[in-house]
2 protein chains.
Amino acid sequence: MTPDLKLNLRLHFAQGLTFGRGKADLLEAIDRTGSISGAGREMKMSYRRAWNLVEEMNTAFAPPLIDASRGGSGGGGAALTDRGREVLAHYRALERLVVQTGAVHIGGISGGLVSVMHDEK
Amino acid sequence: MTPDLKLNLRLHFAQGLTFGRGKADLLEAIDRTGSISGAGREMKMSYRRAWNLVEEMNTAFAPPLIDASRGGSGGGGAALTDRGREVLAHYRALERLVVQTGAVHIGGISGGLVSVMHDEK
DNA sequence: GGACGTTGTATCTGTCTGTGCATAACCGCC
DNA sequence: GGCGGTTATGCACAGACAGATACAACGTCC
């Protein structure tokens with residue numbers, strides 16, 4: 001009976017980087033579409049923003065998480081590095097872990113939520 | 001060797017409420033100071049914002065989490081309800097749980113972070 | 001009754017973030 | 001060589017968000 005929720009597990013590292021659901025989703029979208037711009041379109045975010053996030057990640061992590069190249073067949077593209085895939089997997093695992101082992105607490109918080117009728121925004 | 005990090009575990013409930021570290025800290029500050037304005041001062045946030053968050057929580061939860069009253073000794077004040085204390089406790093427990101049981105994954109993510117020298121911004 | 005410190009509420013303003021647009025560089029393919 | 005789609009980068013604009021400010025209402029204490 002845990003209500004459907006989305007959790008945003010954002011990690012603020014001392015080095016300045018913050019990594020949360022947004023960047024994780026972006027990594028996934030890049031992996032799926034094979035390009036930064038494609039990922040941006042899919043996530044309905046501007047290419048500018050998508051690229052900024054990529055750049056932020058790549059400068060924070062060594063080795064980088066995304067390998068991008070321009071020109072060539074299809075104009076270029078981007079792909080996750082092994083390290084990128086690794087970070088993404090860890091984040092998703094952490095998410096699952098929270099939902100599973102934290103179900104009691106999540107339920108304890110959401111227990112008294114006022115149920116609203118599906119209001120179309 | 002887990003690098004010191006702050007995590008912001010934000011829960012987005014289907015009902016529209018989002019509950020994260022900010023609201024949790026605010027609850028704690030209200031409990032400590034005995035007033036919304038006191039909590040705002042302590043957290044260096046405007047009373048406006050603090051009150052908005054309180055109102056958001058109180059309309060989302062039934063029974064409410066904060067009991068505020070105006071006038072009277074000291075001008076008024078606010079205190080956590082039993083439910084408020086309960087929600088706060090659950091959130092803190094969830095936080096601890098993530099750090100403890102998720103240490104492997106957190107380490108897996110932060111492993112390759114570029115260490116920066118303490119740059120004063 | 002007046003002072004005090006708080007809750008509750010409205011309005012204005014500045015700032016910060018993301019979007020939109022424009023442009024250059026790149027390179028395989030036709 | 002031109003086309004196409006992408007990376008990479010700059011800059012102006014709009015909208016959202018938070019801060020600042022102002023003020024009424026409230027109730028206890030003096």
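Letters A, B, ... are given to chains in the order of the sequence lines, protein chains preceding strands, and every chain is numbered from 1. Heavy-atom basis, side chains included; hydrogens, waters and symmetry copies ignored.
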TODO: Determine, step by step, whether B:Arg85 and B:Leu27 satisfy the side chain to side chain contact (heavy atoms under 4.5 Å, CB included) criterion, reporting the C-alpha distance in whole Å, the side-chain angles of both residues, the deciding distance to 0.1 Å, and the verdict.
DONE: CA-CA 8 Å; B:Arg85 236 175 288 273; B:Leu27 285 182; over 6 Å; no

Task: Shared hydrophobic cluster, A:Phe19 / B:Val104 (ILVMFWY, side-chain heavy atoms < 4.5 Å) - done: no

TODO: Map A:Val54 and B:Ser46 onto DNA chain D by nearest heavy atom, then report which one ends up closer to the 5' terminus.
DONE: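 Its nearest nucleotide lies further toward 5', so the answer is A:Val54.
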
Please state how far atom [atom1] in [X] lies from atom [atom2] in [N], giving the value in whole angstrom units.
{"X": "A:Asn58", "N": "D:dA8", "atom1": "CG", "atom2": "C1'", "result": "13 Å"}
{"X": "B:Tyr47", "N": "D:dA25", "atom1": "OH", "atom2": "C1'", "result": "12 Å"}
{"X": "A:Arg49", "N": "D:dT7", "atom1": "CZ", "atom2": "P", "result": "17 Å"}
{"X": "B:Asn52", "N": "D:dA20", "atom1": "CG", "atom2": "P", "result": "15 Å"}

Task: CA sep, side-chain torsions, deciding dist, call: A:Asp25, A:Arg32, salt bridge (Lys or Arg N to Asp or Glu O under 4.0 Å) - done: CA-CA 10 Å; A:Asp25 287 352; A:Arg32 195 164 40 237; over 6 Å; no

Open item on the list: For a side chain to side chain contact (heavy atoms under 4.5 Å, CB included) check, start with the C-alpha distance between A:Thr18 and A:Leu11, then their side-chain angles and the critical distance, and finish with the verdict.
Closed with: CA-CA 5 Å; A:Thr18 70; A:Leu11 306 171; over 6 Å; no

Open item on the list: What contact category does B:Arg48 fall into here, base, sugar-phosphate, or nothing, at under 4.0 angstrom with non-hydrogen atoms?
Closed with: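 Base contact.
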
Open item on the list: Rounded to the nearest 0.5 Å, what separates atom CD1 in A:Ile66 from atom CG in A:Asp31?
Closed with: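 One finds 10.5 Å between CD1 of A:Ile66 and CG of A:Asp31.
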
Task: Interface with DNA chain D, restricted to residues 31-43 of chain B and to heavy atoms under 4.0 Å - done: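 Listed by number, there are none.
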
Task: Contacting residues from residues 61-73 of chain B, given that a heavy atom lies under 4.0 angstrom of DNA chain C - done: B:Ala68, B:Ser69, B:Arg70, B:Gly71

Open item on the list: Does a side-chain N or O of A:Trp51 approach OP1 or OP2 of D:dA8 to a distance below 4.0 Å, or not?
Closed with: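 For A:Trp51, the contact criterion (side-chain N or O under 4.0 Å from OP1 or OP2 of D:dA8) is met.
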
- [ ] Under 4.0 Å from any heavy atom of chain A: name the first and the last nucleotide of DNA chain C that qualifies, 5' to 3'.
- [x] C:dG18 to C:dG28

